[in-house]
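Each remark here refers to the structure printed beneath this line.
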Amino acid sequence: MSKQAMKLINLKKTIGKKQIIKGLDFEINSGEVFGFLGPNGAGKTTTIRMMVGLMKITEGDVQILGKSIRSNYKEAVREVGAIVENPEMYPFMTGLQNLNHFARMIPGISKERIQEVIALVGLENAIRQKVGKYSLGMRQRLGIAQALLHKPSVLILDEPTNGLDPAGIREIRQYIRKLATEQNVAVIISSHLLSEIELMCDRIGIIKDGELVAIQSVNEISDTEVEKELLIHVQMEVKPPKSAIELLKSEFELDAEFESGLVRFQCPKERIPSIIQTFVQNGISVYQVEVSKARLEDKFFDLIGENSIG
Ligand SMILES: Nc1ncnc2c1ncn2[C@@H]1O[C@H](COP(=O)(O)OP(=O)(O)OP(=O)(O)O)[C@@H](O)[C@H]1O
Ligand SMILES: [Mg+2]
């Protein structure tokens, strides 16, 4: 069912001597809400600017419905709607006048389509008010309506929750989900806060220093290659615990602690069998092994480092 809507192929950006985006490879499907998560300066906006053709690609490509933004710009960009910087709206005009104004710049936008996008973002009641009187959330929705006018297959929103209060975020969340489900649009939302996008995304890709460090389904914990690299929490009942902790340090370079009768440490899941084997070979008895997967939030902090969230 789900069709590939956008594909990043070894996407790179170098500005001056600095490599800002270091080879991104991932796909986003139609009807999917994809969270593009990373701390300030990770490269989200730079990536998005390349995705929508606002910035030259140094290497690699972005394909939208199989059309290359590099070699087939006109057709590719027709499939994308985006809010990259704050949408430019005229405060002295009503929401409807703003939409009409933008619609005039795109060939073939009907009056019906304008009404349709207004309904999609739930702005029917406010559409005849001046934009200057809109709340930030309403302005954001009008921006989304504008980005949807030409029926794009992919909608890209750079930090749409910035500055919104919890109610505003909840509203955006509802419209985003509706768009993905009812219109089968692929939606890409960037954010530096997991908590703000976790609930509206199907999958989250985490970017740090221009590299994708993980892709995670929000509902199911998948066993992807990247997943294998992620740390899980391990608790072991072993005797004697002191030798176990020493072995973990000397053989595996793992820092373990002893708490409530259990040796606790974190490591990638793949290492557990060899740890147990080493214990047994060294005369340590293993009574119990318990593992718990880190919650998405723990993983995010593990991956990007707690202090780097802006
Ligand atoms: N025009 C430019 N020239 C030089 N460096 C740039 C330029 N634009 C961006 N950068 C650098 O590229 C890196 C990524 O910036 P980018 O704006 O893409 O990050 P971001 O993830 O969107 O961050 P934020 O959460 O703050 O919006 C940063 O280190 C930034 O300083
Ligand atoms: Mg940014």
Side-chain angles (χ1 to χ4, degrees), residues 6-28 33-62 64 69-70 77 80-89 136-137 139-141 143-144 146-147 154-166 168-169 172-173 176 186-201 203-216 218 226 296-297 299-310:
M6 182 176 256
K7 186 176 186 179
L8 275 65
I9 306 160
N10 190 28
L11 186 69
K12 292 183 183 169
K13 180 71 191 183
T14 305
I15 298 180
K17 282 189 177 148
K18 194 177 165 205
Q19 194 172 26
I20 292 171
I21 303 300
K22 301 170 181 167
L24 295 180
D25 278 288
F26 59 91
E27 293 168 15
I28 299 125
V33 182
F34 185 89
F36 196 38
L37 185 67
N40 294 133
K44 303 179 295 293
T45 301
T46 305
T47 305
I48 289 174
R49 292 177 71 86
M50 287 193 283
M51 281 173 165
V52 302
L54 283 172
M55 188 185 251
K56 199 168 168 288
I57 292 172
T58 305
E59 202 184 312
D61 202 359
V62 173
I64 303 127
I69 196 93
R70 291 187 92 165
V77 88
V80 188
I83 306 184
V84 183
E85 270 97 33
N86 285 333
E88 288 242 348
M89 296 293 174
L136 192 58
R139 232 170 287 171
Q140 193 65 263
R141 274 146 65 186
I144 295 175
Q146 183 212 322
V154 182
L155 176 68
I156 304 177
L157 307 172
D158 194 14
E159 310 249 7
T161 57
N162 252 4
L164 295 185
D165 62 12
I169 293 173
I172 292 283
R173 187 159 74 221
I176 299 282
V187 187
I188 301 168
I189 300 172
S190 80
S191 179
H192 60 279
L193 288 174
L194 175 67
S195 57
E196 292 191 352
I197 59 160
E198 193 174 12
L199 289 172
M200 58 180 128
C201 296
R203 282 192 306 149
I204 289 178
I206 300 172
I207 181 176
K208 184 192 176 187
D209 297 333
E211 285 178 291
L212 200 72
V213 290
I215 287 199
Q216 171 78 53
V218 172
V226 190
L296 191 53
E297 190 162 63
K299 279 180 190 169
F300 180 56
F301 288 128
D302 284 347
L303 287 164
I304 68 162
E306 193 145 9
N307 297 325
S308 53
I309 290 196

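Not measured: the values here are computed from a predicted model. Atoms within each ligand, like the ligands themselves, are counted from 1 in listed order.
K22 meets the salt bridge (Lys or Arg N to Asp or Glu O under 4.0 Å) test with no other residue; sequence neighbours excluded. Every residue was checked against the side-chain hydrogen bond (donor to acceptor under 3.5 Å, both in side chains) condition with D209, not counting sequence neighbours, and none meets it.
Protein N, O or S atom count below 2.8 Å of the Mg ion (ligand 2): the structure gives 1.
A 4.5 Å side-chain heavy-atom check between L8 and L212 finds every atom pair outside the cut-off. By the 4.5 Å heavy-atom criterion applied to side chains, R173 and E196 are not counted as neighbours. Residues L24 and I207 form a side-chain contact, since some pair of their non-hydrogen atoms from C-beta on lies under 4.5 Å apart. Annotation: side chain of E159 is in contact with side chain of S190 (closest heavy-atom distance under 4.5 Å). Using a 4.5 Å cut-off on side-chain heavy atoms (C-beta onward), V80 and M51 make no contact. Between I21 and T58, every side-chain heavy-atom pair lies at or beyond the 4.5 Å cut-off.
Using cut-offs of 30° and 60° for the angle between ring planes, the F36 and F26 rings count as tilted.
Protein residues with a heavy atom closer than 4.0 Å to ligand 1 are I15, K18, I20, P39, N40, G41, A42, G43, K44, T45, T46, E159, listed by chain and number.
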